[in-house]
Amino acid sequence: MTGHPFRDTLHVSASQVNAYLICPERFRLQYVECRSPSHRSGDLLFGSAVHGALAEYHRRLQANPVVPVPVDDLLQAFDRHMEEGQQGPVPVMWEDDDGPDKLRATGRGLLEMYCQTIRHNRILGVEKEFRVPRRDPVTGKELDECLVGVVDLMEQEADGTVWITELKTAARRFDDTRLSYDHQATIYGLARATLGYPEARVRFRVLLKTKKAAIETYELRRDAQQFAETKRVVHQVLRAVDAGIFYPQRGWQCANCAYRAACGT
Ligand code: SF4
């Protein structure tokens, strides 16, 4: 036991690792001190509402593959998730040019497009949790903490190929560096065996809220070097947390930071 809630849980997720890499001070406030955020961004709420609506949609398709889900049901689920998010205890901060009405219209358009263009042969799982044991990258000794996460969707094509699909909402296309080194995708690659499909392929399906809305799919292949890099980064982040290494990383991430008032305290 290490004396603070984050390290006592003995697991770490890709989003926590990314949070540390973006700003160690924000990580400290959120996960070590467990401070309440001052607000929730409209973008985050939008992404959660899209995820929530699609999870319901995929669950219905999994339960009844031959019965199509009406697009109106998907849109109503999205509206409901947006509404619930807005009524939550944490106030929402909307971007000037991305208010609730605009995001609602964008989300409905993207989900309609999803319903009309994305086909699913066989859904194997929706929001599947995983837990991957970790080893010390130098000594090979098994460590106490596991890597944990939840994959949005597991599906199988008619030719037998199994896909782990992570759904994303984004304001711009992903660049090559992100696609090659995104730790979340690499961790999904590491989780394939524990999910029961060691040969599964990993992809991001991105719902783009660009001027002209689009849905793009990227396959994410990983080699031994990329797996080793992510394992090393996870290990070093945890060592830094244990050593109390936290510092403000000022930049674009400060603009919408929900821990700004507490930063540096
Ligand atoms: S305001 Fe900036 S430096 Fe401070 S915690 Fe937030 S992201 Fe980090």
Side-chain angles (χ1 to χ4, degrees), residues 2-51 82 85-100 102-103 106 145 147-150 166-187 204 206-210 229-265:
T2 54
H4 62 69
F6 170 69
R7 295 300 278 125
D8 287 349
T9 57
L10 295 182
H11 60 239
V12 62
S13 66
S15 61
Q16 288 170 327
V17 170
N18 283 333
Y20 185 92
L21 296 174
I22 290 169
C23 177
E25 174 65 358
R26 189 162 80 186
F27 179 98
R28 179 182 75 84
L29 293 165
Q30 183 172 358
Y31 294 112
V32 178
E33 302 250 319
C34 300
R35 305 248 192 140
S36 301
S38 60
H39 63 270
R40 193 169 179 215
S41 81
D43 248 7
L44 202 64
L45 189 151
F46 170 80
S48 299
V50 168
H51 269 84
M82 283 290 284
Q86 281 175 255
Q87 286 166 4
V90 181
V92 181
M93 191 171 90
W94 305 99
E95 296 281 320
D96 289 345
D97 50 358
D98 247 351
K102 186 171 171 208
L103 282 179
T106 304
E145 320 90 347
L147 268 171
V148 295
V150 179
E166 170 68 10
L167 300 160
K168 298 274 187 198
T169 52
R172 60 189 65 84
R173 291 184 160 77
F174 289 10
D175 61 37
D176 287 346
T177 307
R178 166 120 193 232
L179 293 173
S180 300
Y181 290 97
D182 185 281
H183 295 306
Q184 187 182 31
T186 315
I187 288 170
F204 280 172
V206 188
L207 282 70
L208 280 166
K209 47 192 194 73
T210 37
E229 179 166 313
T230 288
K231 286 181 191 171
R232 200 170 73 240
V233 169
V234 171
H235 190 67
Q236 301 293 36
V237 164
L238 290 175
R239 286 186 68 190
V241 170
D242 285 345
I245 299 172
F246 302 108
Y247 50 89
Q249 180 71 47
R250 302 208 182 265
W252 59 266
Q253 59 274 29
C254 299
N256 289 325
C257 177
Y259 297 90
R260 202 166 168 162
C263 176
T265 59

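Just so you know, these numbers use all the heavy atoms, side chains as well, and skip hydrogens, waters and symmetry mates. Whatever order the structure lists ligands and atoms in, that order sets their numbers, starting from 1.
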Apply ring-ring contact (aromatic ring centres under 6.0 Å, His included) to F46 and list each qualifying residue two or more places apart in sequence or on a separate chain.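 Result, ring-ring contact (aromatic ring centres under 6.0 Å, His included) vs F46: none returned.
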Donor-acceptor contacts under 3.5 Å from residues 169-176 side chains, at least two apart:
residue : atom : partner : partner atom : Å
R173    : NE   : E216    : OE1          : 3.3
R173    : NE   : E216    : OE2          : 2.7
R173    : NH2  : E216    : OE2          : 2.8
D175    : OD1  : T177    : N            : 3.2
D175    : OD1  : R178    : N            : 2.8

Could you measure the distance from the CZ atom of R28 to the SG atom of C263? Nearest 0.5 Å is fine.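 Atom-to-atom, R28:CZ and C263:SG are 8.5 Å apart.
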Can you find a pair of side-chain heavy atoms, one from T230 and one from Y181, that are under 4.5 Å apart?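 They are not in contact (no side-chain heavy atoms under 4.5 Å apart), so the answer is no.
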What residues, two or more places apart in sequence or in another chain, satisfy side chain to side chain donor-acceptor pair (under 3.5 Å) together with N256? E95
Measure from the side-chain N and O atoms of S38 to the backbone N and O of A258, and report whether any donor-acceptor pair falls under 3.5 Å. yes
Near atom 8 (Fe) of ligand 1, which protein N/O/S atoms are found at less than 2.8 Å? C23 SG
